[in-house]
Amino acid sequence: MKRCFIFAAGTFFGLRERPVPGDLVIAADAGYRVCQTAGVVPDVILGDFDSMEAPKAGDRIVRLPVEKDDTDTLAAVKLGLERGCTDFYLYGGTGGKRLDHTLANLQTLLYLRRRGARGYLYDDEFVWTALENESLTVEKTVEWGLLSVFCLGDRAEGVYESGVQYPLTDAVLTAEFPLGVSNHILEDTARIRVNRGALAVGWQLPPL
């Protein structure tokens, strides 16, 4: 297991996991400022630098074209995959003034999952990941902690949720109706399973 920490230019709510020696740390464009706030030195500073001037960092700079298909965060994810990372921690990937980038980063979690990696997107006392044709166990860390599950695609079938206030059994979730929003974890662990399709799963974290 090799870990990759990616710092994007959205809102930073504090570090839940801190990089240690051997982890790959990437600042995506103005995510470099988030690194500075967190006291983290990036191994790579990557971006088209449309939101900040590229720092003087020598061979740590990877300059991207302004006109491209990938967001800076997705480009950072691809670099992490190329370098053999399997666990990705994304900070500064939500909030800010750009809801479109928050949605893009939720989709990026599925991009990672389909390539054998897992990503964690940190929001304000919340974390998100993606599932596809698999199950996930979530520990309760907050009493009456929130759990939300959304379909990442047109349809997700065979959805199960247990250990929660509103269990699901062989349910169908679609992109048009947010049935899985605002559940609560009641037991020590909650279990989410999807037999066919992809889900975005988010759960509440304790205050820092």
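Residues: numbered from 1 along the sequence shown. Both backbone and side-chain heavy atoms feed into the values below; hydrogens, waters and symmetry mates do not.
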Worksheet entry | Derivation of the salt bridge (Lys or Arg N to Asp or Glu O under 4.0 Å) call for Arg193 and Glu134 | CA-CA 6 Å; Arg193 188 172 97 216; Glu134 60 183 325; over 6 Å; no
Worksheet item: Quick one: are Tyr89 and Tyr122 in side-chain contact, heavy atoms under 4.5 Å?
Response: yes
Discussion item. So, taking the atom named CG in Asp124 and the one named OG1 in Thr11, what distance separates them when rounded to the nearest 0.5 Å?
Written reply: 9.0 Å
Discussion item. For the OG1 atom of Thr71 and the NE2 atom of His101, what is their distance to the nearest 0.5 Å?
Written reply: 6.5 Å
Item to complete: Could you check if a side-chain atom of Val201 sits within less than 4.5 angstrom of a side-chain atom of Leu136, using non-hydrogen atoms only?
Response: yes
Worksheet item: Looking only at heavy atoms, which two atoms of Tyr166 and Ser182 are closest? And how far apart?
Response: CE1-O, 4.5 Å
Discussion item. Please evaluate residues Asp70 and Lys78 with respect to the criterion salt bridge (Lys or Arg N to Asp or Glu O under 4.0 Å), reporting the C-alpha separation (whole Å), side-chain torsions for both, the decisive distance (0.1 Å), and the verdict.
Written reply: CA-CA 9 Å; Asp70 297 345; Lys78 288 182 175 181; 3.0 Å; yes
Worksheet item: Does any non-hydrogen side-chain atom of Asp123 lie less than 4.5 Å from one of Phe13?
Response: yes
Worksheet entry | Nearest-0.5 Å distance that lies between atom CG in Leu199 and atom OG1 in Thr129 | 11.0 Å
Worksheet item: Between CG of Leu121 and CG of Asn105, what distance do you get to the nearest 0.5 Å?
Response: 5.5 Å
Worksheet item: Which word best sums up how the rings of Trp128 and Phe126 line up, parallel for under 30°, tilted for 30 to 60°, or perpendicular for over 60°?
Response: tilted
Worksheet item: Do the non-hydrogen side-chain atoms of Val149 and Glu161 ever get within less than 4.5 Å of each other?
Response: yes
Worksheet entry | Heavy-atom side-chain contact between Val41 and Cys35 under 4.5 Å | no
Worksheet item: For Glu17, does the CD atom have more than 12 heavy-atom neighbours from other residues, nucleotides or ligands under 6.0 Å away?
Response: yes
Worksheet entry | Straight-line distance of Leu110 CG to Arg115 CZ, nearest 0.5 Å | 8.5 Å
Discussion item. I need the Thr141 OG1 to Asp188 CG distance, nearest 0.5 Å.
Written reply: 11.5 Å
Discussion item. Tell me if the CD atom of Gln36 is crowded by more than 12 foreign heavy atoms within 6.0 Å.
Written reply: yes
Worksheet item: What heavy-atom pair brings Phe7 and Ala38 nearest, and what distance separates the two atoms?
Response: CE2-CB, 4.4 Å
Fill in: Non-hydrogen side-chain atoms of Arg16 and Glu125 separated by less than 4.5 Å
yes
Worksheet, complete the sentence: Note: Ala8 and Thr73 closest approach over all heavy atoms is CB-OG1, 3.6 Å
Worksheet item: Will you find, in the side chains of Arg191 and Ser135, an N or O donor that is under 3.5 Å from an N or O acceptor?
Response: yes
Worksheet item: Which atom names give the shortest non-hydrogen contact between Ala117 and Leu81, and what distance separates them?
Response: CB-CD2, 3.9 Å
Worksheet item: For Asp100, does the CG atom have more than 12 heavy-atom neighbours from other residues, nucleotides or ligands under 6.0 Å away?
Response: yes
Practice prompt. Take Lys140 and Thr189 through the test side chain to side chain contact (heavy atoms under 4.5 Å, CB included) and record every step on the way to the result.
Written response: CA-CA 5 Å; Lys140 180 176 69 174; Thr189 59; over 6 Å; no
Discussion item. Could you walk me through whether Trp203 and Leu147 satisfy the side chain to side chain contact (heavy atoms under 4.5 Å, CB included) test, starting with their C-alpha distance in whole Å, then the side-chain angles of each, then the deciding distance to 0.1 Å, before giving a yes or no?
Written reply: CA-CA 4 Å; Trp203 62 95; Leu147 172 77; 4.0 Å; yes
Worksheet entry | Contact check, side chains of Val40 and Leu15, non-hydrogen atoms, under 4.5 Å | yes
Worksheet item: Where is the tightest heavy-atom contact between Val164 and Ala190, given as atom of each residue plus distance?
Response: CG1-CB, 3.8 Å
Discussion item. For residues Val77 and Leu152: do they belong to one hydrophobic cluster (side chain heavy atoms under 4.5 Å, members Ile, Leu, Val, Met, Phe, Trp, Tyr)?
Written reply: no
Fill in: Which atom of Pro167 lies closest to which atom of Gln165, heavy atoms considered
CD-O, 3.3 Å
Item to complete: Check the surroundings of atom CG in Asp170: do more than 12 heavy atoms from other residues, nucleotides or ligands lie under 6.0 Å from it?
Response: yes
Worksheet item: With a 4.5 Å limit on heavy-atom distance, are the side chains of Ile192 and Leu131 in contact?
Response: yes
Worksheet entry | Check against salt bridge (Lys or Arg N to Asp or Glu O under 4.0 Å), Arg3 and Asp23 | CA-CA 5 Å; Arg3 305 195 308 174; Asp23 293 337; 2.8 Å; yes
